[in-house]
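Below is one structure; the comments refer to it alone.
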Amino acid sequence: MKAVCVMLFCCMSVALAANAYTNKYDNVNVDQILNSPRLLQSYMKCMLDEGNCTPDGRELKRTLPDALATGCTKCNEKQKAVAAKVINFLMTKKANDWARLLAKYDPNGEFERRYRAQGNRIFAN
């Protein structure tokens with residue numbers, strides 16, 4: 001359920017290859033984004049079509065639906081770890097933002113069902 005936001009910041013990647021997302025954004029400081037209300041809201045507005053997007057925000061927005069649909073099978077281990085961190089943060093500290101992201105990116109609750117079925121793990125290994 002919260003994977004949408006996690007993927008926001010974790011999968012700041014572009015699907016350049018058919019079997020993997022780019023690692024171009026793997027060194028983005030996700031903690032800085034999560035701990036800055038201004039930066040976090042900027043990403044939220046981008047993801048919800050309420051504001052402008054940075055280049056990495058556009059790539060995340062483009063990649064997120066595929067990552068959610070496939071259980072992030074094209075993500076590397078670092079991207080999966082960052083996604084888990086972001087999801088946990090949004091679920092526990094930004095529930096309203098999380099709910100808005102779910103409404104847009106998981107309207108049928110498919111990701112949330114998989115997440116719960118996997119024992120609240122973000123992605124099955």
Side-chain angles (χ1 to χ4, degrees):
M1 181 175 181
K2 304 235 170 174
V4 174
C5 282
V6 171
M7 295 304 301
L8 267 176
F9 306 105
C10 152
C11 292
M12 296 193 167
S13 50
V14 182
L16 295 178
N19 60 353
Y21 299 125
T22 183
N23 63 0
K24 180 178 179 179
Y25 298 107
D26 282 7
N27 293 317
V28 169
N29 187 338
V30 174
D31 290 319
Q32 181 181 17
I33 295 168
L34 295 176
N35 292 310
S36 169
R38 181 187 61 79
L39 287 174
L40 183 58
Q41 281 308 307
S42 177
Y43 277 92
M44 289 298 299
K45 286 180 179 181
C46 167
M47 297 304 293
L48 294 168
D49 298 320
E50 296 173 353
N52 295 328
C53 296
T54 62
D56 53 331
R58 273 191 300 277
E59 295 303 332
L60 175 60
K61 188 174 171 178
R62 188 178 347 204
T63 303
L64 184 58
D66 181 69
L68 291 175
T70 65
C72 210
T73 57
K74 297 177 189 176
C75 297
N76 63 37
E77 291 306 311
K78 182 169 185 170
Q79 292 165 343
K80 289 178 183 182
V82 172
K85 180 181 217 169
V86 173
I87 289 171
N88 182 56
F89 178 87
L90 293 170
M91 288 174 83
T92 60
K93 302 202 188 286
K94 298 290 184 180
N96 290 337
D97 287 338
W98 179 245
R100 293 178 68 211
L101 287 168
L102 287 175
K104 178 172 181 169
Y105 292 97
D106 190 30
N108 298 320
E110 293 173 31
F111 176 81
E112 182 180 9
R113 280 190 292 281
R114 277 197 321 265
Y115 174 73
R116 301 286 179 213
Q118 294 168 192
N120 290 346
R121 288 190 341 244
I122 303 306
F123 308 106
N125 292 329

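We use all heavy atoms of the structure for the numbers below, so side chains are in, but hydrogens, waters and symmetry mates are not. Positions are given from 1, in the same order as the sequence printed here.
A distance of 10.0 Å separates CG of L39 from CG of L34, quoted to the nearest 0.5 Å. Taking CD of Q41 as the reference point, atom NZ of K94 lies at 6.5 Å (rounded to 0.5 Å). Summarising the geometry, atom NZ belonging to K61 is positioned 4.5 Å from atom SG belonging to C53; distances are rounded to the nearest 0.5 Å. A distance of 6.0 Å separates CG in D97 from CG in L40, rounded to the nearest 0.5 Å. If you take SG on C72 and CD on E77, they are separated by 9.5 Å, rounding to the nearest 0.5 Å. A distance of 9.0 Å separates CG in L102 from CG in L68, rounded to the nearest 0.5 Å.
Between K104 and L48, the shortest heavy-atom contact is NZ-C, 4.1 Å. Nearest heavy atoms, T92 versus N88: OG1-O, 2.8 Å.
Other residues, nucleotides and ligands place no more than 12 heavy atoms under 6.0 Å from the CG atom of N96.
The backbone N or O of M47 sits less than 3.5 Å from a side-chain atom of Y105, completing a donor-acceptor pair. Without hydrogens or angle criteria, R58 side chain to N52 main chain gives no donor-acceptor distance under 3.5 Å. The main-chain N or O of Q32 is found under 3.5 Å from a side-chain atom of N29 such that the two form a donor-acceptor pair.
Checking N76 against Y21 by side-chain atom types alone, no donor-acceptor pair falls below 3.5 Å.
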(request) Run the numbers on F89 and V30 for side-chain contact (heavy atoms from CB on, under 4.5 Å), then give the verdict. (result) CA-CA 11 Å; F89 178 87; V30 174; over 6 Å; no
(request) Any chance you could lay out the side-chain hydrogen bond (donor to acceptor under 3.5 Å, both in side chains) test for N27 and K78, step after step, and finish with the verdict? (result) CA-CA 9 Å; N27 293 317; K78 182 169 185 170; 3.2 Å; yes
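Under the 4.5 Å side-chain criterion, counting only non-hydrogen atoms from C-beta, T63 is not in contact with K74.
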